[in-house]
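Along the sequence shown, residues carry numbers from 1. In what follows, every heavy atom counts, from backbone to side chain, and hydrogens, waters and symmetry copies are set aside. Each ligand, and each atom within it, is numbered from 1 in the order the structure gives.
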Amino acid sequence: MNVILLGAPGAGKGTQAVRLAEKYNIPHISTGDIFRSNIKGQTPIGIVAKSYIDKGQLVPDEVTIQIVKERLEKEDCKNGYLLDGFPRTVSQAEALDTFSKVEAVVNVDVPLGKLLKRITGRRVCGKCGESYHVDYLNGKTDCAKCGAELIQRADDNEVTVASRLEVYEKQTAPLIEYYAQKGVLLTVDGDGDIEKVFNSICEKLG
Ligand code: ADP
Ligand code: ADP
Ligand code: ZN
């Protein structure tokens with residue numbers, strides 16, 4: 001099953017992707033995670049990506065598309081994949097259509113007003129990538145899954161978030177219509193608790 005998770009920053013894509021990848025036994029491919037690991041390793045891609053991510057802008061399409069194309073060619077994607085955070089522009093979606101067949105696009109719908117709090121309160125595991133929210137951590141500072149330290153992403157600050165939400169509205173939201181026209185769009189209310197959202201996605205995916 002070739003699935004895309006679509007949604008604004010903070011909608012819960014990463015949170016759901018981890019659970020869905022486990023249930024459907026397909027790889028979870030997050031372009032944000034790929035960029036962050038390149039930044040950590042100070043690779044040429046990482047150096048380019050950082051200059052955009054720090055400003056809350058999108059990394060250029062040519063760079064991003066090439067990364068995803070190469071990733072989808074790997075053996076573990078033969079039985080499907082779960083893309084989280086790609087595509088984010090119509091050009092990326094058009095490119096993806098030339099090298100893979102998208103079967104389902106899950107749009108995780110969360111009211112704009114709730115996203116800022118989700119993002120600024122987000123803490124992520126520096127090792128396994130699991131997402132948490134300060135409101136539910138009860139002061140804990142390590143990952144419940146693997147024990148590593150939780151960190152706040154450099155781009156999860158109010159200034160960068162404003163730019164990311166604007167970029168989402170302008171460049172990514174048009175993908176909802178793009179995939180609706182192709183007849184593969186599934187919309188899920190992302191404003192419930194994590195378990196409830198997970199169950200609605202599974203129901204829609206069948
Ligand atoms: P995305 O990958 O779409 O940017 P995340 O999955 O990282 O979003 O979630 C953003 C923040 O919102 C995290 O702090 C996460 O713990 C929290 N979160 C995710 N899903 C829910 C939910 N259904 N209800 C409340 N908070 C959520
Ligand atoms: P979030 O879901 O919270 O927006 P991600 O981890 O998906 O965060 O992405 C972090 C940043 O990485 C984005 O703000 C953007 O700068 C860059 N990025 C991730 N995916 C893409 C993409 N498909 N195209 C361009 N830039 C991307
Ligand atoms: Zn962890």
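- Remark: ligand 1 atoms within the under-4.0 Å shell around heavy atoms of His133 are 14 (O), 16 (O).
- No donor-acceptor pair closer than 3.5 Å links the side chain of Tyr24 to the backbone N or O of Arg19.
- In this comparison of Arg88, Arg118, Gln171, the heavy atom closest to atom 21 (C) of ligand 2 sits on Arg88.
- Figure legend: cation-pi geometry between Lys196 and Phe198 absent, as NZ or CZ is not positioned both under 6.0 Å from the six-membered ring centre and within 45° of its axis.
- In this model, a donor atom of one side chain and an acceptor atom of the other lie less than 3.5 Å apart for Gln66 and Glu70.
- Listed by atom number, the atoms of ligand 1 under 4.0 Å from Tyr132 heavy atoms are 13 (C), 14 (O), 16 (O).
- Close approach to Ala8 involves these atoms of ligand 1, each under 4.0 Å from a residue heavy atom: 3 (O).
- At a 3.5 angstrom cut-off on N or O pairs, Tyr52 does not count as close to ligand 2.
- Counting heavy atoms under 4.0 Å from ligand 2, residue Thr64 touches it through the side chain alone.
- Under 4.0 angstrom from ligand 1, there are no non-hydrogen atoms of Ala17.
- Considering backbone and side-chain N/O of Pro9, none are found under 3.5 Å from N/O of ligand 1.
- Of the N or O atoms in Gly12, one or more lie within a sub-3.5 Å distance of an N or O in ligand 1.
- Atoms of ligand 1 found under 4.0 Å from any heavy atom of Gly14 (numbered from 1 in listed order, with element): 1 (P), 2 (O), 6 (O).
- In terms of polar-atom proximity, Arg122 is counted as a contact of ligand 2, with an N or O under 3.5 Å from an N or O of the ligand.
- The atoms of ligand 1 that sit less than 4.0 Å from any heavy atom of Lys13 are 1 (P), 2 (O), 3 (O), 4 (O), 6 (O), 8 (O).
- Taking only nitrogen or oxygen atoms, main chain and side chain alike, Ser131 reaches within less than 3.5 Å of ligand 1.
- Closest to atom 26 (N) of ligand 2, if we only count protein heavy atoms, is Val59 N, 3.0 Å.
- The nearest heavy-atom contact from the protein to atom 24 (N) of ligand 2 is Gln92 NE2, 2.9 Å.
- Closest to atom 11 (C) of ligand 2 among all protein heavy atoms lies Ile53 CG1, 4.0 Å.
- Looking only at atom types and distance, the side chain of Thr43 has a donor-acceptor partner in the side chain of Asn38 under 3.5 Å away.
- The nearest heavy-atom contact from the protein to atom 10 (C) of ligand 2 is Arg153 NH2, 3.5 Å.
- With a heavy-atom cut-off of 4.0 Å, Lys55 does not touch ligand 2 at all.
- Environment of CD in Glu73: crowded, with over 12 heavy atoms of neighbouring residues, nucleotides or ligands closer than 6.0 Å.
- Near Ile194, meaning under 4.0 Å from one of its heavy atoms, ligand 1 places the atoms 20 (N), 21 (C), 22 (C), 23 (N).
- Among protein heavy atoms, the minimum distance from atom 27 (C) of ligand 2 is reached at Phe35 CE1, 3.7 Å.
- Every atom of ligand 2 is numbered from 1 in the order shown, and the set under 4.0 Å from a heavy atom of Gln57 is 15 (C), 16 (O).
- Ligand 1 has an N or O atom lying under 3.5 Å from an N or O atom of Thr15, backbone or side chain.
- A salt bridge (charged side-chain N to carboxylate O under 4.0 Å, His left out) with Lys114 holds for exactly one of Asp189, Asp109, Asp191; it is Asp191.
- Of all the heavy atoms of Asp193, the ones lying under 4.0 Å from any atom of ligand 1 belong exclusively to the backbone.
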